[in-house]
Amino acid sequence: MEEAKKRVGEYAASYVEDGMVVGLGTGSTAYWFIEEVGRRFQAGELANILTVSTSDRSSEQARRLGLPLKEIDDVNHIDLLVDGADETTRQFAGIKGGGGALLHEKIIAEQSDKIIWIMDESKLVNQLGKFPLPVEVVRFGSWKVYDAFASAGMKPSFRKVDGDKLFITDSGNYIIDLHLEEIPNPQVLAAEIKAKVGVVEHGLFLDYADIILVAQADGEIIKIERSNTTN
Ligand code: 5RP
């Protein structure tokens with residue numbers, strides 16, 4: 001699994017060209033993308049890139065590698081964003097936020113001209129929902145939002161870290177994970193969740209990615225493109 005993540009992360013870095021503004025995703029697969037961008041930058045191949053990060057964690061990595069890092073408000077667009085995902089269909093419906101960075105990931109995605117998702121083959125599914133759907137909520141009144149999800153049968157749980165501590169996002173919010181098992185209509189669910197007061201954002205990313213790169217166990221990387229949803 002780790003080898004597949006490394007392989008696809010490094011491969012995705014070949015899409016980066018000098019002079020680009022590059023969005024850095026978050027997670028254990030995006031980690032390898034950032035490492036390879038850092039290596040190419042240090043080798044002088046990408047001397048004129050700028051980077052924008054989707055999380056404090058990825059920003060730290062970028063700084064360690066010496067990458068020129070900008071705030072989202074200091075760039076007027078992003079040429080290419082490479083990010084991971086927790087689940088995706090071949091129809092470009094995905095779940096993100098397993099690492100808790102969904103809000104910043106979606107803000108960066110909104111500003112990106114081209115988006116590549118990278119993953120191992122375990123993430124490619126026919127229907128979303130086995131992976132718990134993360135929802136970022138403001139802390140104030142978060143138990144009320146939790147109760148509303150529970151009443152709607154959405155099986156919520158607060159994201160925890162280090163035992164019983166509530167996970168806090170980079171924007172200072174909580175995450176409620178919805179254990180839905182099946183999401184037959186992601187568009188309807190996305191609208192329903194977004195309409196709840198207290199919800200900041202959800203992890204349904206519908207029609208964001210342009211290319212999905214999937215590292216298979218056999219060593220191959222398959223490419224699913226928006227214009228051609230078969231291999
Ligand atoms: C973080 C994310 C990640 O991209 C997603 O969780 C995939 O992570 P990994 O590559 O570690 O499996 O959405 O919020």
Side-chain angles (χ1 to χ4, degrees), residues 1-13 22-37 51-62 72 78 80-89 92-110 112 114-125 128-137 157-161 166-180 183 186 190 193 199-217 221 224:
M1 193 92 92
E2 201 51 39
E3 185 280 327
K5 290 180 180 191
K6 182 170 189 285
R7 183 156 36 90
V8 74
E10 290 178 351
Y11 177 75
V22 184
L24 307 175
T26 295
S28 56
T29 319
Y31 170 87
W32 292 110
F33 166 74
I34 299 168
E35 285 296 299
E36 180 62 7
V37 170
T51 66
V52 177
S53 168
T54 55
S55 64
D56 292 351
R57 208 184 330 158
S58 295
S59 298
E60 271 171 38
Q61 188 183 359
I72 179 65
I78 296 159
L80 172 68
L81 163 65
V82 175
D83 204 349
D86 298 300
E87 276 185 347
T88 185
T89 67
F92 299 89
I95 290 181
K96 286 182 52 52
L102 65 117
L103 175 60
H104 291 199
E105 288 173 331
K106 203 174 266 187
I107 290 170
I108 298 290
E110 285 286 336
S112 298
K114 184 170 184 168
I115 299 175
I116 299 177
W117 279 356
I118 51 176
M119 63 194 66
D120 63 64
E121 61 189 340
S122 68
K123 312 280 186 76
L124 197 55
V125 297
L128 300 179
K130 282 267 176 291
F131 192 91
L133 176 64
V135 181
E136 184 156 343
V137 300
S157 66
F158 275 95
R159 177 88 55 98
K160 304 251 176 86
V161 277
L166 288 173
F167 178 89
I168 309 275
T169 69
D170 288 348
S171 278
N173 300 310
Y174 291 147
I175 287 190
I176 295 177
D177 290 304
L178 303 178
H179 302 261
L180 298 163
I183 303 178
I193 293 173
V199 166
V200 182
E201 195 48 77
H202 56 74
L204 283 167
F205 282 60
L206 309 176
D207 293 322
Y208 275 89
D210 298 290
I211 297 177
I212 301 171
L213 297 175
V214 184
Q216 301 192 133
I221 292 175
I224 304 167

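Order of appearance sets the numbers: ligands from 1, and atoms from 1 within every ligand.
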If you count the atoms of ligand 1 from 1 in the order shown, which ones are under 4.0 Å from a heavy atom of Gly97? 2 (C), 13 (O), 14 (O)

Considering distance alone, does some N or O of Gly27 sit under 3.5 Å from an N or O of ligand 1? no

Any N or O of Ala101 closer than 3.5 Å to N or O of ligand 1: yes

Candidates Ile78, Ile211, Leu81, Val82 - the one meeting side-chain contact (heavy atoms from CB on, under 4.5 Å) with Lys114: Ile211

Reference residue Met119; test side-chain contact (heavy atoms from CB on, under 4.5 Å); the match among Val8, Thr88, Leu213: Thr88

Name the one of Val135, Ile168, Leu102 that satisfies side-chain contact (heavy atoms from CB on, under 4.5 Å) with Ile175? Leu102

Pull out every atom of ligand 1 sitting under 4.0 Å from any heavy atom of Gly84, numbered as shown with elements. 4 (O)

In ligand 1, which numbered atoms sit nearer than 4.0 Å to a non-hydrogen atom of Asp83? 4 (O)

List the closest protein heavy-atom neighbour of atom 2 (C) of ligand 1: residue, atom name, distance to the nearest 0.1 Å. Glu105 OE2, 3.2 Å

Ala93 and Leu206: which non-hydrogen atoms are nearest, and at how many Å? CB-CD2, 3.8 Å

If we count only N and O atoms by modelled type, under 3.5 Å, do the side chains of Ser171 and Asn173 hold a donor and an acceptor together? no

Is there side-chain contact between Tyr208 and Lys96, with heavy atoms separated by less than 4.5 Å? no

Under 4.5 Å between any side-chain heavy atoms of Asp120 and Thr29, yes or no? no

Below 4.0 angstrom from a heavy atom of Gly98, which ligand 1 atoms are there? Numbered from 1 as shown, please. 6 (O), 13 (O), 14 (O)

Students should be able to answer this: which protein heavy-atom is nearest to atom 4 (O) of ligand 1, and at what distance? Thr26 O, 2.8 Å

Can you find a heavy atom in the side chain of Glu105 that is under 4.5 Å from one in the side chain of Phe205? yes

Identify, for atom 10 (O) of ligand 1, the protein heavy atom at the shortest distance, and state residue, atom and that distance. Thr29 OG1, 2.5 Å

Check each heavy atom of Met119 against ligand 1 and say whether those closer than 4.0 Å belong to the side chain, the backbone, both or neither. neither

Asp86 heavy atoms within 4.0 Å reach ligand 1 at atoms 5 (C), 6 (O), 7 (C), 13 (O)

Options Lys123, Lys96, Lys106, ranked by nearest heavy atom to atom 12 (O) of ligand 1, top entry: Lys123

Heavy atom under 4.0 Å from ligand 1: found in Ala85's side chain, backbone, both, or neither? backbone

Measure the distance from atom 9 (P) of ligand 1 to every protein heavy atom, then report the residue, atom name and distance (to 0.1 Å) of the closest one. Ser28 OG, 3.4 Å

Polar contact flag, side-chain donor to acceptor under 3.5 angstrom, Ser53-Ser58: no

